Student: 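One structure, pasted below without further comment.
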Number of protein chains: 2
Amino acid sequence: MSIRIAIVEDGHQIRKNLITRFSFFDDIEVVFDAPNGIECLESLKHIRKEELPDILLMDIEMPGLNGIETTAKVKKDYPGIDIMMQTVFEDRDNLFRSIQAGASGYLLKDDPIEKYVDALRDMKDGGAPVSPAMAQKLLDHMRHQAGEHKSGEEDFDLTSRELDILQCVVDDLTEAQIADQLYISPHTVRTHIKNVYKKLHVHSRASVVRVALTKGLIS
Amino acid sequence: MSIRIAIVEDGHQIRKNLITRFSFFDDIEVVFDAPNGIECLESLKHIRKEELPDILLMDIEMPGLNGIETTAKVKKDYPGIDIMMQTVFEDRDNLFRSIQAGASGYLLKDDPIEKYVDALRDMKDGGAPVSPAMAQKLLDHMRHQAGEHKSGEEDFDLTSRELDILQCVVDDLTEAQIADQLYISPHTVRTHIKNVYKKLHVHSRASVVRVALTKGLIS
DNA sequence: GTTCATATACCCTGTTCAGGGTATTTGAGC
DNA sequence: GCTCAAATACCCTGAACAGGGTATATGAAC
């Protein structure tokens with residue numbers, strides 16, 4: 001069963017080139033092509049359901065509705081259609097925005113047509129083909145995030161009661177409310193809070209909340 | 001210039017097979033092979049610096065020191081060596097642990113040798129070749145994270161001045177300190193803070209900090 | 001040229017907090 | 001039975017905050 005794709009790309013010549021080059025592959029069928037997001041959405045609207053493409057090959061840089069906005073709209077109305085982004089620039093921000101919008105593949109425009117075809121086949125099989133250059137950025141980003149979490153994993157050695165108090169402080173309860181909730185005297189709450197302050201090296205509720213959240217001390 | 005690799009893989013037959021199959025590619029040179037992480041580290045230690053491999057092709061599942069632990073150790077002592085993980089299972093956890101340990105490529109063992117070679121070449125060029133199936137998991141994970149952030153992306157419509165104030169409050173400055181820092185009267189600070197409270201629907205500094213951090217209003 | 005949002009400034013009042021103490025009870029570990 | 005950490009409880013004081021006002025200057029929008 002062949003792979004039905006549509007090409008969304010503002011460069012007229014590039015579009016024609018892609019169509020021509022895809023024509024040499026029996027399992028790739030170009031259902032339609034569009035010069036921008038608006039026309040793409042129009043084409044999708046006026047096509048019969050069983051004729052819908054499997055994959056949109058989407059340019060990021062387009063006048064009017066750009067590739068990311070178009071991706072978001074398409075994914076909303078046609079969640080079954082996969083989006084393969086293509087771009088000339090290895091732009092970090094666009095990469096993340098595309099992923100968030102729902103794209104699942106990422107190619108560079110100077111990739112050879114065989115890479116395109118391989119990627120389309122992989123995508124049809126449920127994979128998410130990402131060009132190595134883009135994957136590099138993805139991994140960097142994830143390593144960074146993982147690192148942040150890990151670096152913040154200091155041990156402040158709070159007792160379980162102090163963690164109760166901490167949670168209440170983050171929930172913005174007054175000392176009296178905390179006392180009610182934990183069935184202890186407000187004086188005791190005061191004492192616990194003071195001890196928490198000492199252990200976290202802070203001097204205010206605002207700082208407690210910040211430390212608790214950024215260091216992951218509470219859920 | 002050829003790509004110097006080492007194969008770390010506990011299956012003796014698989015190792016020999018890989019070596020044989022790589023031998024048909026002129027630009028791939030297998031520097032050494034090891035059946036586990038320990039021996040891999042030993043080989044690296046006793047090799048001359050200029051003979052070090054560019055890339056380690058690392059199995060995840062190995063007795064003793066597994067691929068992830070080995071990756072972490074190798075990356076620590078030889079940050080210049082890239083790690084290409086290979087696994088039979090598309091395991092989410094292992095994928096993330098590998099990334100964190102410093103691996104930059106991810107192949108499935110049933111990928112054809114040409115994919116291996118392509119991936120090695122991509123990696124040598126600075127890319128991070130990730131098999132589409134693994135990339136799928138990566139993207140899902142990132143979308144999930146992005147989604148979490150996004151779900152909290154309500155628009156509180158703070159003015160830029162109010163954002164200044166917000167930042168100061170999160171930084172735990174008193175009203176007087178904020179006034180000093182922004183060159184305005186403490187009374188004005190008070191007014192801004194009150195307006196921020198109204199817009200964020202909170203009644204205390206602790207809540208401001210929590211909302212600002214959890215809703216991503218500040219860096 | 002009036003309207004509207006924003007930023008600015010000030011007043012008053014009552015509440016809450018932060019930091020400095022001290023002291024008792026309780027349960028686990030030695 | 002002693003010790004020690006943890007949890008509990010209380011006192012005092014001054015500083016900071018929250019919420020309720022009002023008011024003016026400014027620049028953009030209509």
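None of these values were measured; they are calculated from a predicted model.
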Student: Heavy atoms under 4.0 Å, any strand shown: does S204(B) hit a base, just sugar-phosphate, or nothing?
Tutor: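 The answer is sugar-phosphate, as S204(B) gets under 4.0 Å only of primed atoms, P, OP1 or OP2.
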Student: Rounded to the nearest angstrom, tell me the gap between atom CD1 in I165(A) and atom C1' in dC17(C).
Tutor: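 Checked: the CD1 to C1' distance equals 14 Å.
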Student: Is the backbone N or O of V170(A) less than 3.5 Å from a side-chain atom of R210(B), with the two atoms forming a donor-acceptor pair by type?
Tutor: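 Such a contact is found between R210(B) side chain and V170(A) backbone.
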Student: Can you tell me the distance, in whole Å, between the CG atom of L182(A) and the P atom of dA7(D)?
Tutor: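 In whole Å, dA7(D) P and L182(A) CG are 12 Å from each other.
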Student: Taking only side-chain nitrogens and oxygens of H192(B), does any of them come within less than 4.0 Å of OP1 or OP2 of dT8(C)?
Tutor: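 Answer is yes, contact under 4.0 Å.
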Student: Of the nucleotides dA16(D), dA9(C), dA7(D), which one has an atom closest to the side chain of S185(B)?
Tutor: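 Nearest to the side-chain atoms of S185(B), counting from C-beta on, is dA9(C).
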Student: Any side-chain N or O of R190(B) under 4.0 Å from OP1/OP2 of dA18(D)?
Tutor: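 So the side chain of R190(B) is within the cut-off, an N or O lying under 4.0 Å from OP1 or OP2 of dA18(D).
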Student: Between P186(A) and K199(A), name the one whose nearest nucleotide on DNA chain D is closer to the 5' end.
Tutor: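 Mapping each residue to its closest nucleotide by heavy atoms, the 5'-most match is K199(A).
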Student: Would the distance check show the side chain of E39(A) and the main-chain N or O of N36(A) forming a donor-acceptor pair, the cut-off being under 3.5 Å?
Tutor: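 Judged by distance alone, no pair lies under 3.5 Å.
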Student: State, without any angle test, whether S104(B) and Q136(A) hold a side-chain donor-acceptor pair at a distance under 3.5 Å.
Tutor: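 Distance-only check fails for S104(B) and Q136(A).
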Student: Please determine whether any donor N or O and acceptor N or O are separated by less than 3.5 Å between the side chain of T188(A) and the base of dC10(D).
Tutor: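 Between dC10(D) and T188(A), which were checked side chain against base, a qualifying N/O pair under 3.5 Å is absent.
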Student: Base of dC10(C), side chain of T191(B) - is there a donor-acceptor contact under 3.5 Å?
Tutor: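 Side chain to base: pair found, below 3.5 Å.
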Student: Looking at every strand, decide which applies to T159(B) at a 4.0 Å heavy-atom threshold: base, sugar-phosphate, or nothing.
Tutor: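 Answer is sugar-phosphate: T159(B) comes under 4.0 Å of backbone atoms only.
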Student: Which whole-number value in Å describes the distance from N195(A) CG to dG21(C) C1'?
Tutor: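 Atom CG in N195(A) sits about 13 Å away from atom C1' in dG21(C).
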Student: Would you indicate which nucleotide in dT8(C), dA18(D), dG19(D) comes nearest to any side-chain atom of I184(B)?
Tutor: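 Taking heavy atoms from C-beta onward, the closest nucleotide is dT8(C).
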Student: Looking only at side-chain N and O atoms, does Y197(B) come under 4.0 Å of OP1 or OP2 in dA18(D)?
Tutor: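 Yes, such a contact exists.
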Student: To the nearest Å, how far apart are I178(B) CD1 and dA18(D) P?
Tutor: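 Distance check: I178(B) CD1 to dA18(D) P gives 10 Å.
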Student: Tell me, yes or no, whether the heavy-atom count around K199(A) atom NZ, taken from other residues, nucleotides or ligands under 6.0 Å, exceeds 12.
Tutor: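 Yes.
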Student: With the side chain of H187(A) defined as its heavy atoms from C-beta on, choose the nearest nucleotide among dT16(C), dC11(D), dA7(C).
Tutor: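 Closest of the options to the side chain of H187(A): dC11(D).
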Student: OP1, OP2 of dG19(D) versus side-chain N and O of H203(B): anything below 4.0 Å?
Tutor: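 So the side-chain polar atoms of H203(B) do come within 4.0 Å of the phosphate oxygens OP1 or OP2 of dG19(D), strictly under.
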Student: Heavy atoms from C-beta onward define the side chain here; which of dT16(C), dA18(D), dC11(C) lies closest to that of T174(A)?
Tutor: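 Of all the options, the side chain of T174(A) is nearest to dT16(C).
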Student: What contact category does R205(A) fall into here, base, sugar-phosphate, or nothing, at under 4.0 angstrom with non-hydrogen atoms?
Tutor: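 Sugar-phosphate contact only - R205(A) comes under 4.0 Å of backbone atoms but never of a base.
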Student: Roughly how many Å is it from NZ in K194(A) to P in dT16(C), rounded to a whole number?
Tutor: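 The answer, rounded to whole Å, is 18 Å.
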Student: For E175(B) and dC17(C), what is the distance between atoms CD and P respectively, to the nearest whole Å?
Tutor: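 My rounded result for the distance is 15 Å.
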Student: Rounded off to whole Å, could you give me the OH-to-C1' distance for the Y183(A) and dA7(D) pair?
Tutor: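 Distance check: Y183(A) OH to dA7(D) C1' gives 18 Å.
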Student: Kindly indicate, with the supporting measurements, whether the criterion side chain to side chain contact (heavy atoms under 4.5 Å, CB included) is fulfilled by M134(A) and M85(A).
Tutor: CA-CA 11 Å; M134(A) 289 300 179; M85(A) 302 301 273; over 6 Å; no
Student: Specify the separation, in whole Å, of atom CG of L158(A) and atom P of dA5(D).
Tutor: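 It works out to 17 Å between those atoms.
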Student: Crowded around K73(A) NZ? As in, over 12 foreign heavy atoms under 6.0 Å?
Tutor: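 No, the 6.0 Å shell around NZ holds no more than 12 heavy atoms from other groups.
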